[in-house]
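Structure, as structure tokens:
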Protein chains: 2
Amino acid sequence: MVYTSEHPIFYVTVDVVVLAIRDDALHALVVERGSNPFKGRWALPGGFVEPEEGLRDAAVRELEEETGVGTRVRRLEQLGSYGDPDRDPRGRVVSVAWLAVLPHGVAPASGSDAADAEWKPVSSLLGGERLAFDHRSILADGVERARSKLEYTAMATAFVGPKFTVAELRRVYEVVWGVGLDAGNFHRKVTSAGFVEPTGDSVQRGPGRPAALYRHVEGADELNPPLTRSALR
Amino acid sequence: MVYTSEHPIFYVTVDVVVLAIRDDALHALVVERGSNPFKGRWALPGGFVEPEEGLRDAAVRELEEETGVGTRVRRLEQLGSYGDPDRDPRGRVVSVAWLAVLPHGVAPASGSDAADAEWKPVSSLLGGERLAFDHRSILADGVERARSKLEYTAMATAFVGPKFTVAELRRVYEVVWGVGLDAGNFHRKVTSAGFVEPTGDSVQRGPGRPAALYRHVEGADELNPPLTRSALR
DNA sequence: ACAAAAGTGTTGAGCGTACACCCATGG
DNA sequence: CCATGGGTGTACGCTCAACACTTTTGT
């Protein structure tokens with residue numbers, strides 16, 4: 001069909017801020033661009049939405065194709081849309097950005113579309129490193145969203161495995177917020193906030209008393225009262 | 001099919017949830033659709049984004065064209081994007097939704113594009129009334145966003161004039177949250193939260209002691225500590 | 001004088017912070 | 001037996017909800 005629309009046409013993409021904790025630091029997943037524009041530059045995983053595809057589905061598909069971690073995503077929420085007329089030299093492209101969280105220890109699969117998918121510390125991506133398009137801004141928004149969502153949702157549990165200790169959860173908060181937290185007070189708050197329940201098992205990690213294992217309570221996402229960001233030390 | 005682009009083509013629209021308080025009830029601005037699809041049905045103001053236009057600019061322009069209130073908007077933030085493949089019978093349309101707040105007493109201008117722009121109570125729009133497209137869902141998301149943003153931002157001040165009394169502000173919270181609040185406690189909280197400052201004037205509304213007028217402190221948008229939603233009575 | 005709304009005082013309950021202390025394990 | 005991390009006890013200070021009370025006006 002000849003294009004006779006009375007309305008302007010756009011391309012729509014999805015881009016995903018994928019966060020995880022590695023080596024006690026917040027990392028984001030980035031891929032090296034294989035073609036222009038920005039060939040060779042790091043970018044957030046993402047790509048063009050298919051004609052009959054939902055936006056969320058597109059985010060998961062692109063994540064799987066480019067990094068192989070699509071099925072491991074523990075949480076995926078819409079971050080916002082970015083549509084400056086000049087944000088993409090190929091034309092008028094609106095990108096719907098998503099925030100995804102992975103548990104620690106997930107590696108980008110080899111043999112996927114993108115020759116290189118890598119975890120990079122958020123600090124360096126937001127520091128000197130230059131990302132493609134407006135991805136630096138999208139990443140910054142994603143990190144800020146994660147910081148505030150830790151306060152009043154169960155998002156932290158998406159950064160750890162299905163069974164976790166209170167100390168693992170505490171590291172998540174400490175790393176994402178960049179503060180030290182009182183271990184005792186944190187333990188009380190988190191075990192009485194209603195979003196985690198003991199599995200009954202316990203586990204030994206190095207010296208010290210074995211820690212009880214908890215799991216995330218199905219469907220409990222609101223934290224009441226919220227965990228406050230107040231630092232210790 | 002002659003479309004030779006290597007990527008699928010979309011239309012992009014903006015839709016705006018415009019909230020204001022009228023007659024002690026939360027209202028939203030809706031326009032009657034003049035053409036198909038959904039001809040004659042109420043819809044959120046909005047329309048197609050121009051080729052060289054930013055998304056926020058498009059929201060303001062459409063609001064001005066369809067309702068004449070574009071310049072009176074006191075707050076405009078992105079709500080999210082809606083892109084189900086079937087959400088619009090005209091084709092693949094992704095809509096970027098915005099949340100706008102107006103002070104009370106703003107009327108939709110006559111002589112604008114839309115024959116009919118009207119304030120309607122949110123309760124009826126989310127109740128029986130049937131809106132065009134997925135606008136009911138967008139409106140619901142907008143109202144929920146407003147409810148939670150009252151807690152920890154200065155959004156409430158956008159619902160009142162540039163100078164306002166503490167009681168006016170309290171009515172905003174009571175109407176949007178649908179609860180009664182203790183006048184004394186509210187007064188203390190709000191005047192010590194740092195986002196309002198006295199103008200020095202005072203004003204008389206009916207019987208009772210005259211109320212001091214306040215204005216919103218420029219740039220103060222975060223509420224610390226947040227106002228809690230706990231009801232009274 | 002009375003009603004009504006603005007604004008301040010007061011009090012008791014509950015929560016958060018800080019930190020002491022006990023528990024259970026590895027070396 | 002010591003070091004290390006898990007987990008509990010406790011006390012002090014602060015905030016908040018509830019509500020009594022004072023202030024300032026209209027009728």
Taking salt bridge (Lys or Arg N to Asp or Glu O under 4.0 Å) as the cut-off, I'd like each qualifying pair that reaches into [range], sequence neighbours left out, listed once.
| range | answer |
| --- | --- |
| residues 154-164 of chain B | B:Lys163-B:Asp201 |
| residues 188-197 of chain A | A:Glu197-A:Arg215 |
| residues 216-225 of chain B | B:Arg75-B:Asp221 |

Practice item. Kindly write out the residues that satisfy side chain to side chain donor-acceptor pair (under 3.5 Å) with A:Gln204, not counting sequence neighbours, or none if the list is empty. Key: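 Side chain to side chain donor-acceptor pair (under 3.5 Å) list for A:Gln204, sorted by chain: empty.
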
Review point. In chain order, what residues pass the side chain to side chain donor-acceptor pair (under 3.5 Å) check against B:Glu168, with sequence neighbours excluded?
Key: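 B:Glu168: side chain to side chain donor-acceptor pair (under 3.5 Å) contacts with B:Arg205.
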
Under 3.5 Å, which donor-acceptor pairs link side chains of residues 95-106 of chain B to any protein atom two or more places apart or in another chain?
from	atom 1	to	atom 2	distance (Å)
B:Ser95	OG	B:Thr13	OG1	3.3
B:Ser95	OG	B:Asp15	OD2	2.6

Pair up each side-chain donor or acceptor in residues 21-29 of chain A with any protein partner under 3.5 Å, not counting sequence neighbours, and list the distances.
from	atom 1	to	atom 2	distance (Å)
A:His27	ND1	A:Arg22	O	3.4
A:His27	ND1	A:Ala25	O	2.9

Taking [atom1] from [X] and [atom2] from [N], how many angstroms apart are they, rounded to a whole number?
| X | N | atom1 | atom2 | answer |
| --- | --- | --- | --- | --- |
| B:Asn224 | C:dG16 | CG | C1' | 15 Å |
| B:Asp182 | C:dG7 | CG | C1' | 11 Å |
| A:Leu181 | C:dA18 | CG | P | 11 Å |

Point to revise | Strand-adjacent residues in residues 163-173 of chain B, judged by heavy atoms under 4.0 Å from DNA chain C | key: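 Those residues are B:Ala167, B:Arg170.
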
Review point. Among residues 197-216 of chain B, which residues get a heavy atom nearer than 4.0 Å to DNA chain C?
Key: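 Within this stretch, B:Pro207, B:Gly208, B:Arg209, B:Pro210, B:Ala211, B:Ala212 sit under 4.0 Å of the strand.
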
**Study point:** Interface residues of residues 184-196 of chain B with DNA chain D (non-hydrogen, below 4.0 angstrom)
**Key:**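 Under 4.0 Å from DNA chain D: B:Asn185, B:Arg188, B:Lys189.
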
Check your understanding: Do any pairs count as a ring-ring contact (aromatic ring centres under 6.0 Å, His included) and have a residue in residues 178-198 of chain B, sequence neighbours left out, and if so which ones?
Key ->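 Every ring-ring contact (aromatic ring centres under 6.0 Å, His included) pair that includes a residue of residues 178-198 of chain B, provided the two are not neighbours, is B:Tyr173-B:Phe186.
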
Practice item. List for me each residue that meets side-chain contact (heavy atoms from CB on, under 4.5 Å) alongside B:Lys120, sequence neighbours excluded, and say none if there are none. Key: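 B:Val30, B:Trp42, B:Glu118, B:Leu125, B:Glu129.
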
Check your understanding: Checking salt bridge (charged side-chain N to carboxylate O under 4.0 Å, His left out) for the pair A:Arg61/A:Glu64: CA distance, chi angles, key distance, verdict?
Key -> CA-CA 5 Å; A:Arg61 176 183 52 75; A:Glu64 182 59 27; over 6 Å; no

**Study point:** Under-4.0 Å side-chain N/O to phosphate OP1/OP2 contact, B:Thr228 with D:dA17
**Key:**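 Affirmative; the distance criterion is met.
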
